[in-house]
Amino acid sequence: MQFHNTLTGQKEAFVPLDPNRVTMYVCGPTVYSFAHIGNYRPPVVFDTLARVLRRRYPSVVYARNITDIDDKINAAAAREGVDIGVITSRYAAAYHEDLASLGVAPTDAEPKVTEHIPQIISMIERLIGSGHAYAAEGHVLFHTLSFADYGRLSKRDEQSLMAGARVEVAPYKRHAGDFVLWKPSSDDQPGWASPWGRGRPGWHIECSAMSEAVLGDSIDIHGGGHDLIFPHHENEIAQSVCAHGGATYARYWLHNGFVNVNHEKMSKSLGNVLLVRDLLKTLPGEVIRLVLLTGHYRQPLDWTDEVASDARKKLDRLYGALRDLADVVPATGVTAPDAFVAALEDDLNTPMALAELFELVRSANKAQSVDDKARLKAQLLDAGALLGILQQDPIAWFSQQPAGSALSAEQIEQQLEARSAARKARQWAESDRIRDELAAQGVIIEDSAQGTRWRYA
RNA sequence: GGCUGCGUGGCAGAACGGUCAUGCAGAGGACUGCAAAUCCUCGUACGUCGGUUCGACUCCGGCCGCAGCCUCCA
């Protein structure tokens with residue numbers, strides 16, 4: 001197995017610290033609103049990676065946090081005049097619903113920041129104790145100059161960090177690059193008692209503290225969006241390494257590319273922010289998942305209507321092969337082909353894995369013997385399971401009624417009965433009339449030796 | 001300006017120093033009452049200019065173009 005490691009900028013063989021306990025941490029959402037399609041790329045990508053890892057290693061501990069204390073949450077709560085818990089539980093629930101729709105399996109741990117305040121305070125105290133952090137005016141700051149490796153992940157040196165500081169430097173900072181570990185809360189803001197007064201954690205410390213609490217001092221894989229490399233992950237490294245006496249924090253850093261919409265960056269000002277919530281109104285979650293796996297995770301991904309309809313057609317082809325194997329019992333003990341697994345184990349190359357999957361489909365469609373069919377069906381299902389797709393009944397897949405369709409499955413079946421009668425009597429004109437009528441309403445007919453099937457276009 | 005990465009056929013999107021990616025769309029054929037589905041065949045794709053090499057889309061360098069990050073962003 002190998003991964004592209006942001007830390008070194010190279011593809012490296014993956015060697016876990018402890019093969020009997022592989023650990024992975026992925027930065028989760030800040031729950032202050034409904035999440036957009038880009039927010040779901042990391043969970044889908046790393047869910048797929050977790051599936052591949054679990055196949056290879058006996059124990060994988062995968063943690064993805066929920067950030068439930070943050071100034072954007074505070075703002076949302078203030079706007080609605082409710083406690084932040086109302087906001088965070090609402091959007092965390094929505095997040096979980098969407099994840100389920102996208103076929104994302106639950107993680108082994110889902111730490112929340114508000115449940116780890118003591119751990120956060122403890123880590124800050126240790127950082128102060130070792131001279132890597134200092135308290136000033138109710139704040140506690142991490143002193144970046146105290147950590148020689150600062151900037152290594154994002155490949156920034158002191159000069160460029162200084163040059164890039166585009167926010168005015170707070171007077172209590174010793175150095176422009178220093179960042180907040182703890183900040184004071186006013187009476188109307190959420191806060192917790194601490195050695196530095198009532199306050200709340202800064203943005204980066206929570207991941208370091210929760211990763212430590214759930215996975216340990218050193219973890220194998222840390223994932224997240226490309227944009228988190230700096231400052232978030234750079235700061236996590238600084239906090240964790242310094243809190244752990246120099247021990248390596250994460251050994252492999254994996255970052256996914258951004259999702260754009262119609263060739264543009266998603267932004268509120270452009271009004272092109274796509275919520276998964278909304279996409280799910282017209283698209284099966286499986287289609288959305290496949291779109292997110294269509295390109296390599298490190299590359300930018302452009303979301304367009306065409307990409308979505310392509311994914312749907314791909315699933316039609318995949319499920320079509322399974323539908324033809326409906327009466328075949330999958331062979332036992334048969335797993336996804338080596339080439340397919342090898343593609344995923346090579347830096348999670350999902351496009352190549354999909355290519356292998358389609359080769360499998362071609363073989364399945366051509367297979368004659370029962371043995372071949374049984375083997376290919378088992379391989380298809382197992383490969384699909386690794387990608388988190390293809391797990392539903394093919395008939396159910398083709399029977400999903402699109403949002404715009406006026407015809408229910410029952411109505412279609414009725415029409416088909418009439419058509420079958422006409423065909424039996426060799427009344428082709430009547431038969432074709434019914435077919436055209438259905439086609440006009442978005443239903444495609446497929447006659448076969450086993451009878452007539454249909455599907456929504 | 002600094003850093004990171006990218007430019008592949010109509011669209012999407014991989015690999016690889018010398019053979020087919022794959023999917024969709026398109027063309028022809030088989031099958032079909034006709035279709036659909038499926039199968040077979042096909043289109044001389046690699047931003048640009050040089051270099052290395054027997055041979056480069058693949059390695060190196062310049063140029064052009066694009067994107068992200070540079071302290072609230074997945």
Side-chain angles (χ1 to χ4, degrees), chain A residues 4 6 9 26-30 32 35-46 70-72 75 144 151 154-157 159-167 169 176-180 202-204 223-232 234-235 255-260 263-268 290-291 294-296 298-302 304 306-318 320-321 323-324 343 346 349-359 361-362 364-366 423 426-429 431-432 435-436 439 444-449 452-455 457:
Chain A
H4 177 96
T6 306
V26 173
C27 291
T30 299
Y32 68 97
H36 57 65
I37 180 67
N39 292 309
Y40 288 94
R41 193 172 189 189
V44 167
V45 162
F46 291 104
D70 167 274
D71 286 350
K72 280 183 298 246
T144 48
S154 53
K155 291 160 182 67
R156 286 161 216 274
D157 57 25
Q159 293 303 316
S160 55
L161 284 169
M162 287 298 292
R166 61 185 181 189
V167 163
V169 180
D178 292 356
F179 57 91
V180 172
W203 173 35
H204 315 290
H226 185 76
D227 57 318
L228 295 181
I229 295 172
F230 189 88
H232 189 239
E234 193 70 73
N235 291 352
H255 293 98
N256 64 271
F258 259 43
V259 177
N260 295 124
H263 318 294
E264 289 179 313
K265 183 175 177 173
M266 260 187 288
S267 74
K268 282 176 183 158
L290 185 56
V291 170
T294 290
H296 185 86
R298 297 208 306 129
Q299 299 310 132
L301 180 83
D302 197 28
T304 62
E306 188 175 9
V307 159
S309 83
D310 276 0
R312 194 202 176 86
K313 287 176 192 163
K314 286 176 192 176
L315 286 166
D316 280 345
R317 179 163 166 80
L318 293 165
R323 182 175 58 178
D324 286 341
D346 183 9
N349 193 333
T350 51
M352 188 179 238
L354 284 166
E356 294 294 339
L357 189 58
F358 281 105
E359 296 290 355
V361 165
R362 193 196 318 288
N365 285 334
K366 283 198 286 185
R423 291 188 73 226
R426 304 185 69 81
Q427 295 170 351
W428 307 127
S431 156
D432 291 350
R435 182 172 63 198
D436 291 346
I444 293 171
I445 301 304
E446 297 173 16
D447 294 321
S448 78
T452 298
R453 322 183 277 217
W454 62 275
R455 64 190 166 89

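The analysis underlying the following values was restricted to heavy atoms, covering all of them including side chains, and did not include hydrogens, waters or symmetry mates. Chain A is the first sequence line, chain B the second, and so forth, proteins listed ahead of strands; every chain is numbered from 1.
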With a 4.0 Å cut-off on heavy atoms, is A:R423 in touch with a base, just the backbone sugar-phosphate, or nothing at all?
-> base
Given the P atoms of B:G23 and B:G68, what is the spacing between them in whole Å?
-> 32 Å
Side chain of A:E359 - closest among B:U71, B:G2, B:U22 | B:U22
Can you tell me how far C1' of B:A67 sits from CG of A:D227, to the nearest Å?
-> 13 Å
What does A:Q299 touch in the nucleic acid at a heavy-atom separation under 4.0 angstrom: a base, only the sugar-phosphate, or nothing?
-> sugar-phosphate
To the side chain of A:K313, which of B:A12, B:A14, B:A25 is closest?
-> B:A25
B:C40 phosphate, OP1 or OP2: any side-chain N/O from A:K366 under 4.0 angstrom?
-> yes
What does A:D432 touch in the nucleic acid at a heavy-atom separation under 4.0 angstrom: a base, only the sugar-phosphate, or nothing?
-> base
Would you call A:R435-A:D432 a salt bridge at under 4.0 Å N-O?
-> yes
Return the nearest nucleotide to the side chain of A:A355; candidates are B:A21, B:U4, B:A36.
-> B:A21
Can a donor-acceptor pair under 3.5 Å be found between the side-chain atoms of A:R317 and the base atoms of B:G23?
-> no
Between A:D178 and A:T144, is there a donor-acceptor pair closer than 3.5 Å when you use the side chain of the first and the backbone of the second?
-> yes
Check every strand shown and say whether A:H204 touches a base, only sugar-phosphate, or nothing at a heavy-atom separation below 4.0 Å.
-> nothing
List the atom of A:V26, the atom of A:P42, and the distance in Å for their closest heavy-atom pair.
-> CG1-CB, 4.4 Å
May I ask you to say what A:S448 touches in the nucleic acid, namely base, sugar-phosphate or nothing, with a heavy-atom cut-off under 4.0 Å?
-> nothing
Could you check how far CE of A:M352 sits from P of B:C20, rounded to whole Å?
-> 14 Å
Between A:A308 and A:V291 the two heavy atoms that sit nearest each other are CA-CG2, 3.9 Å
Does the side chain of A:N39 get closer than 4.0 angstrom to OP1 or OP2 of B:A74 through an N or O atom?
-> yes
Output row for RNA chain B, stems defined as at least 3 consecutive Watson-Crick or G-U pairs under 3.5 Å, is B:1-7 with B:64-70, B:10-12 with B:22-24, B:26-30 with B:38-42, B:47-51 with B:59-63
How far does the P atom of B:G43 sit from the matching atom of B:U19, given to the nearest Å?
-> 15 Å
Counting N and O atoms only, with roles assigned by atom type, does the side chain of A:S431 sit under 3.5 Å from a partner on the main chain of A:Q427, one being a donor and the other an acceptor?
-> no
Where do A:D302 and A:V307 come nearest, in terms of heavy atoms and distance?
-> O-CG2, 3.7 Å
Expressed in whole Å, how much space separates the P atoms belonging to B:A36 and B:U58?
-> 41 Å
In whole angstrom, give me the gap between the C1' atoms of B:G17 and B:C46.
-> 15 Å
Check whether any side-chain N or O of A:K265 sits under 4.0 Å from OP1 or OP2 of B:C69, and answer yes or no.
-> yes
Kindly confirm whether the side-chain ring of A:Y40 is stacked on the base of B:A74, judged by centres under 5.5 Å and planes under 30°.
-> no
Ignoring the backbone of A:R455, work out which of B:U4, B:A74, B:A37 is nearest its side chain.
-> B:A37
What pairs with A:R362 under salt bridge (Lys or Arg N to Asp or Glu O under 4.0 Å), at least two apart in sequence or on another chain?
-> A:E359
Within the structure shown, what part of the strands sits under 4.0 Å from A:I445 by heavy-atom distance: base, sugar-phosphate, or nothing?
-> base
Spacing of the P atoms in B:G55 and B:G50 (rounded, Å) = 16 Å
Geometric class of the A:H204/A:H232 ring pair [parallel <30°, tilted 30-60°, perpendicular >60°] | tilted
Which nucleotide, B:U4, B:U71, B:A74, lies nearest any side-chain atom of A:P42?
-> B:A74
Scan A:D310 against the nucleic acid and name what it touches under 4.0 Å (heavy atoms): base, sugar-phosphate only, or nothing.
-> base
Send over the distance from A:L301 CG to B:C66 P, rounded to a whole Å.
-> 21 Å
How close do A:L301 and A:G295 get, heavy atom to heavy atom, and via which atoms?
-> CD1-N, 4.2 Å
With C1' as the reference atom in both, quote the distance from B:U32 to B:G26 in angstrom, rounded to an integer.
-> 22 Å
Same-atom distance (P) from B:G5 to B:G61, integer angstrom = 13 Å
Of all the choices, B:G33, B:G68, B:A21, which nucleotide is nearest to the side chain of A:H226 once you look at every atom?
-> B:G68
What nucleotide among B:A12, B:G23, B:C34 has an atom nearest to a side-chain atom of A:F358?
-> B:G23
How is A:E234 classified with respect to the nucleic acid when contacts are heavy atoms under 4.0 Å: base, sugar-phosphate, or nothing?
-> nothing
May I ask you to evaluate whether A:N349 reaches the phosphate of B:A14, defined as a side-chain N or O under 4.0 Å from OP1 or OP2?
-> no
Any donor-acceptor pair under 3.5 Å between the side chain of A:R435 and the base of B:C34?
-> yes
For B:G28 versus B:A35, give the span between their P atoms, rounded off to a whole number of Å.
-> 13 Å
Any side-chain N or O of A:R362 under 4.0 Å from OP1/OP2 of B:C40?
-> yes
Touch class at under 4.0 angstrom, heavy-atom based, for A:F258 against every strand present | base
Got a donor-acceptor contact below 3.5 angstrom from the A:N349 side chain to the A:A343 backbone?
-> no
A:M266 side-chain proximity, nearest of B:A74, B:U22, B:A36 | B:A74
Would you mind classifying the nucleic acid contact of A:G320 as base, sugar-phosphate or nothing, using non-hydrogen atoms under 4.0 angstrom?
-> nothing
A:L228 has an atom CG; how far is it from atom P of B:C70, in whole Å?
-> 10 Å
Which is true for A:V180 with a 4.0 Å heavy-atom rule: it touches a base, it touches only sugar-phosphate, or it touches nothing?
-> nothing
